[in-house]
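First listed ligand is number 1; within each ligand, the first listed atom is number 1. We number each residue from 1, following the sequence as shown.
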Amino acid sequence: MKDRIDQLKTELDALMAVTQEEVEHLRLKYLSKKGLVSVLFDDFKTVPAEKKREVGQLLNELKNKAQQKIDDLKLQFDQHAETTATGMDLTRPADDLDPGTRHPLSIVRNRIIEIFGRIGYTVADGPEIEDDWHNFSALNFTPDHPARDMQDTFFIARDPDILLRTHTSSVQIRTMESTKPPIRMIFPGRVFRNEAISARAHCIFHQVEGLYIDKNVSFVDLKQTLMYFAKEMFGEQTQIRLRPSYFPFTEPSGEMDVSCLICGGSGCNICKHTGWVEILGCGMVDPNALENCGIDSKIYTGFAFGMGIERITMLKYQIKDLRLFFENDVRFLNQFTGAF
Ligand code: DAH
């Protein structure tokens, strides 16, 4: 009797049904009055008294198992009204896939890459952990230059030569060291500064650096390139304005403003009622920086620019608080569904 119970249990494990009729057939085969399981209950009378308890328990288990199996097989057909021979309903709509959304900073970074890609700029990357040479010295920051103080740098206590890069300008140096001109590249990446986190500042943010080195490159090329970029990024009606500024690695240096997208130049909170918003620093690459990288500054000239991705994204999507970029709040992120 015990062997027979085991045998039926194994059989049940392997049961399959392709149609509803087959399930019914199996139900009759095992569970009807004359079914294989029920018949064992009849035989139970012949089991010696001392074994009744044990065998009775096994029999009940078998019956429950048979019932469960038949129920499971039935369910398969209840759920799928229309089924194929394999039990799959190929007419059911597919399960909803939630592909997520691209982060607004990635959307804007990709857009910047695309805009410069159209005028021949390729993309490169550099390390986030840098040394003094690439982040400062080769960029013409002398050791005691006050411009270093403007970039609140994270240094590593064990080795003052190692730091988290404060700007993507370090990749300019790495590229000029390893690549012969002409160079026409952009370098997007993450940068770090020791700033308290607020609506307008964060210790981690993103920049895109641009570098163009060739013979006879002039300020006119820089201005034209930036104007093209501004109009592609913010719209054809956008105006640009270049103001003189200072960076150790460019001479002359400038900062570029775009006409305020929000008020169109008439004055609002975003542009602090000036009609203009600053978006990047730029200039002609200083001959010292070229020479530091082994490029002959008598033959080659070039320009560079660096922009903050957060700043541009905030302007483009009218985002008022920088912290939103880092909080991973889906109520914020979901608003960028469909953008790419
Ligand atoms: N690296 C500068 C900063 O983070 C921005 C910058 C200014 C980059 C002028 C440039 C440039 O390439 O030419 O403040």
Side-chain angles (χ1 to χ4, degrees), residues 109 112 116 121 123-128 130 132-141 145-154 163-177 179 181 183-195 200-214 217-227 229-230 240-258 277-290 292-293 295 297 300-312 322:
R109 183 200 54 210
I112 296 171
F116 282 104
Y121 283 72
V123 180
D125 202 0
E128 292 175 354
E130 262 300 359
D132 181 280
W133 172 254
H134 292 96
N135 198 83
F136 290 125
S137 297
L139 285 162
N140 207 31
F141 287 79
H145 200 287
R148 289 185 182 229
D149 294 344
M150 289 165 63
Q151 310 207 347
D152 307 282
T153 312
F154 286 113
L163 48 91
L164 292 178
R165 70 176 176 194
T166 56
H167 51 182
T168 43
S169 304
S170 55
V171 196
Q172 284 187 37
I173 298 301
R174 289 190 174 271
T175 303
M176 291 194 291
E177 281 174 340
T179 315
I183 297 169
R184 203 184 319 187
M185 293 175 101
I186 53 170
F187 317 116
R190 202 158 34 165
V191 301
F192 308 85
R193 290 192 199 177
N194 188 6
E195 301 229 22
R200 304 177 60 89
H202 204 287
C203 55
I204 302 176
F205 56 101
H206 299 78
Q207 293 187 330
V208 177
E209 194 83 12
L211 180 66
Y212 184 26
I213 309 283
D214 205 346
V217 179
S218 77
F219 204 93
V220 175
D221 302 305
L222 170 61
K223 189 173 174 191
Q224 195 63 35
T225 303
L226 294 180
M227 190 151 76
F229 167 72
I240 64 165
R241 172 173 92 165
L242 281 160
R243 283 176 292 106
S245 183
Y246 174 78
F247 299 101
F249 44 95
T250 43
E251 182 62 38
S253 304
E255 277 169 327
M256 186 178 92
D257 301 338
V258 290
V277 187
E278 183 211 318
I279 64 158
L280 56 80
C282 61
M284 301 307 292
V285 178
D286 193 294
N288 286 346
L290 292 171
N292 283 338
C293 303
I295 293 176
S297 62
Y300 291 103
T301 49
F303 62 73
F305 53 87
M307 59 186 96
I309 304 185
E310 278 80 357
R311 168 69 68 93
I312 292 179
L322 190 68

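- Within ligand 1, counting atoms from 1 as listed, the ones closer than 4.0 Å to a heavy atom of Gly283 are 13 (O).
- For the ligand labelled ligand 1, residue Cys282 lies inside the 4.0 Å heavy-atom shell.
- When only non-hydrogen protein atoms are considered, atom 14 (O) of ligand 1 lies nearest to Arg193 NH2, 3.8 Å.
- Ligand 1 lies out of reach of Met256, whose nearest heavy atom is not under 4.0 Å from it.
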Q: For the pair Asn194 and Thr153, evaluate side chain to side chain donor-acceptor pair (under 3.5 Å) and give the outcome as yes or no after the intermediate values.
A: CA-CA 6 Å; Asn194 188 6; Thr153 312; over 6 Å; no
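- Ion pairing between a basic and an acidic side chain is recognised when a charged N comes within 4.0 Å of a carboxylate O; Arg190 and Asp125 show no such pairing.
- Side-chain contact check for Arg243 versus Asp257: some heavy-atom pair is nearer than 4.5 Å.
- Not one N or O of Gly281 is nearer than 3.5 Å to an N or O of ligand 1, by distance alone.
- Gln207 counts as a contact of ligand 1, since one of its heavy atoms falls under 4.0 Å from the ligand.
- Looking at Ala304 against ligand 1, both its backbone and its side chain come within 4.0 Å, counting heavy atoms.
- Between the side chains of His134 and Gln172, no donor-acceptor pair is found at a separation under 3.5 Å.
- Between His167 and Glu209, the side chains place no donor N or O within less than 3.5 Å of an acceptor N or O (distance only, hydrogens not considered).
- In this structure the side chain of Leu322 never reaches within 4.5 angstrom of the side chain of Arg200, judged on heavy atoms.
- The shortest N or O to N or O distance between Gln172 and ligand 1 is below 3.5 Å.
- Close contacts of ligand 1 with Thr250, meaning ligand atoms under 4.0 Å from a residue heavy atom, involve 13 (O).
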Please walk me through it: do Phe229 and Met227 pass side chain to side chain contact (heavy atoms under 4.5 Å, CB included)? CA-CA 5 Å; Phe229 167 72; Met227 190 151 76; over 6 Å; no
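- Remark: Arg241 does not engage Glu255 in a salt bridge, criterion side-chain N to carboxylate O under 4.0 Å.
- With a heavy-atom cut-off of 4.0 Å, Phe249 touches ligand 1 through its side chain alone.
- Listed by number with element, the atoms of ligand 1 under 4.0 Å from a non-hydrogen atom of Ser169 are 1 (N), 8 (C).
- At a 4.0 Å heavy-atom cut-off, ligand 1 does not touch Met307 at all.
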